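Just so you know, these numbers come straight off a predicted model, no measurement behind them.
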Amino acid sequence: MHNPEHYMEQALKLAAKGWGLTNPNPLVGAVIVKDGKIIGEGYHQKIGGPHAEINALEDARKKGHDVTGSTLYVNLEPCSHYGRTPPCSEAIIKAGIKEVYVGMKDPNPRVSGRGIKMLQDAGIEVNVGILEKEAIKLNEIFIKYITTKMPFVIMKAAMSIDGKIATFTGDSKWITSETSREYVRRIRGKVASIMVGVNTVIKDDPLLTTRIEGLKDPMKIIIDSYGRTPLNSNVLKSGVNTIIFTTDLIDKNKLSELKKYADVIVLKAKSTHVPLKKVMEYLGQMEIDSVLLEGGGTLNWSAVKDGIVDKVMFFISPMIIGGVGAKTPVEGNGFETINQCLRLKNITVTTVDTDILLEGYF
């Protein structure tokens, strides 16, 4: 029985294999079906490499299959322009594919319907919107970046059930389970960068790495208004690309020292803070499509206040810490009234080992 959703699910699974390898390109998978059987599969494996459709066509040919008259399932509209690679729509037409199922239109203004039109003009039947919600969810990072040239920002926090990220003495190891911490390390492998504040570097001296075989370590970003990052900190010693965003309030001697270990970008101070919107603009120009915000309450408040956060991921441990002096995930001045508070939408709640993971969007 013909079931487009079944084959699109397979395309989405294939696409997800490209996590962390294709930034700032989208995650795309493709499945070719003929006479009710899958004869070719492929996904976009790395930036600059062949696209999913090309890999699927090549897979079918290697297996000795004739793709003429077959059906292609792809989670994102095939491209119609010359970028890092030739247009996929052209290759699909030349291959003799008769029908194409597309999960979602490409939000890239250079494509956005043109690939579909190219296929239709060639006499190929095109069906759009198969598992569209799932396709959009998978490529939420790409959609934000390609339409705004700004990174998709995820604010992650781990807290107790009473909303604390540490005890009043500052002890925070460990609030969440090892399973949750590994989950976060896997997310690090999916994003282009991790961002922390200088207070986190000084207090926790984190590595900010995935520590999982096969997963790349993302770029590290430190927000440091005065240049207080210790020169012997793990983040500077790790050898992974590190950028420190500071302000014109930094001591010139410390600036020279930090430049030996990291790229240092000096921005005009907003009050005494690094202007986070300017940071996002700068990262966007560098083709950094995503930021995992792993800071403390001070940086998180600045990020919320400046409106740069797209998504939150709060891991909630079933423990009570208590203490009026115990830190919380978002601090700063806070909002004055409930009406001013930001509310999440499209919330999902899942369990990770003994912890609860709450995800939502601003």
Test of understanding: clusters of I, L, V, M, F, W, Y form through side-chain heavy atoms closer than 4.5 Å, transitively. Do [X] and [Y] belong to the same one?
| X | Y | value |
| --- | --- | --- |
| Phe335 | Phe362 | yes |
| Val349 | Met313 | no |
| Ile308 | Val279 | yes |
| Leu344 | Val330 | yes |
| Ile146 | Val74 | yes |

Pair Tyr183 and Phe315, ring centroids less than 6.0 Å apart: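 Between Tyr183 and Phe315, the centre distance is under 6.0 Å.
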Sub-6.0 Å ring centroid separation between Tyr43 and Trp19: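 Here the rings of Trp19 and Tyr43 have centres that are no less than 6.0 Å from each other.
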Which pair of non-hydrogen atoms, one from [X] and one from [Y], has the smallest distance, and what is that distance?
| X | Y | value |
| --- | --- | --- |
| Met155 | Val309 | CB-CG1, 3.9 Å |
| Ser290 | Pro151 | N-CB, 3.9 Å |
| Gly322 | Asp162 | N-OD2, 2.7 Å |
| Asn23 | Ala192 | ND2-N, 4.0 Å |
| Met8 | Ile130 | CG-O, 3.6 Å |
| Thr167 | Thr169 | OG1-OG1, 2.8 Å |

Could you tell me if the side chain of [Y] sits less than 4.5 Å from the side chain of [X], heavy atoms only?
| X | Y | value |
| --- | --- | --- |
| Met104 | Asn75 | no |
| Leu276 | Leu299 | yes |
| Met159 | Ile316 | yes |
| Gln45 | Asn55 | yes |
| Lys216 | Thr210 | no |
| Ile222 | Thr242 | yes |
| Ile116 | Gln120 | yes |
| Asp289 | Asn25 | no |

So does [Y] get a backbone contact from the side chain of [X], meaning a donor-acceptor N/O pair under 3.5 Å?
| X | Y | result |
| --- | --- | --- |
| Asn139 | Pro26 | no |
| Thr148 | Lys144 | yes |
| Thr351 | Asp353 | no |
| Glu331 | Thr328 | yes |
| Glu77 | Asp106 | yes |
| Glu125 | Val100 | no |
| Ser225 | Thr246 | no |
| Asp204 | Pro206 | no |
| Glu90 | Pro87 | no |
| Asp224 | Val198 | no |

Give me the one residue out of [options] that meets side-chain contact (heavy atoms from CB on, under 4.5 Å) with [X].
| X | options | answer |
| --- | --- | --- |
| Lys220 | Leu236, Asn241, Thr209 | Thr209 |
| Leu293 | Val304, Val312, Asn300, Ile154 | Asn300 |
| Cys79 | Arg114, His51, Met118 | His51 |

Spacing of [atom1] belonging to [X] relative to [atom2] belonging to [Y], to within rounding of 0.5 Å:
| X | Y | atom1 | atom2 | value |
| --- | --- | --- | --- | --- |
| Met219 | Asp263 | CE | CG | 7.5 Å |
| Tyr361 | Ile347 | OH | CD1 | 11.5 Å |
| Cys88 | Leu119 | SG | CG | 10.0 Å |
| Tyr7 | Thr71 | OH | OG1 | 9.0 Å |
| Leu138 | Leu12 | CG | CG | 6.0 Å |
| Ile194 | Ile187 | CD1 | CD1 | 10.5 Å |

Pair Phe142-Phe152, ring-ring contact (aromatic ring centres under 6.0 Å, His included): steps then yes or no: CA-CA 8 Å; Phe142 172 72; Phe152 185 90; over 10 Å; no
Is a salt bridge present between [X] and [Y], judged by a nitrogen-to-oxygen distance below 4.0 Å?
| X | Y | result |
| --- | --- | --- |
| Glu178 | Arg181 | yes |
| Lys311 | Glu140 | yes |
| Lys277 | Glu281 | no |

Tyr101/Glu99 under side chain to side chain donor-acceptor pair (under 3.5 Å): CA gap, chis, key distance, verdict: CA-CA 7 Å; Tyr101 284 84; Glu99 188 174 13; 3.1 Å; yes
Residue Lys270 excluded, over 12 heavy atoms near NZ under 6.0 Å: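 For Lys270, atom NZ is not crowded (no more than 12 foreign heavy atoms under 6.0 Å).
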Greater than 12 external heavy atoms within 6.0 Å of Asp35's CG: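 Open: at most 12 neighbouring heavy atoms sit under 6.0 Å from CG of Asp35.
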Pair Asp355, Ser177: side-chain N/O donor-acceptor within cut-off below 3.5 Å: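 Yes - a donor-acceptor pair under 3.5 Å links their side chains.
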Salt bridge (Lys or Arg N to Asp or Glu O under 4.0 Å) between Asp217 and Arg188, intermediate numbers included: CA-CA 7 Å; Asp217 288 329; Arg188 289 175 179 175; over 6 Å; no
Salt bridge (Lys or Arg N to Asp or Glu O under 4.0 Å) between Arg186 and Glu182, worked out: CA-CA 6 Å; Arg186 291 191 179 278; Glu182 181 179 334; 3.1 Å; yes
Partner of Asp59 under salt bridge (charged side-chain N to carboxylate O under 4.0 Å, His left out), chosen from Arg61, Lys63, Lys62: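 Only one option passes, and that is Lys63.
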Glu294 and Lys156: CA distance, side-chain angles, deciding distance, salt bridge (Lys or Arg N to Asp or Glu O under 4.0 Å) verdict: CA-CA 6 Å; Glu294 291 204 55; Lys156 167 259 166 185; 3.5 Å; yes
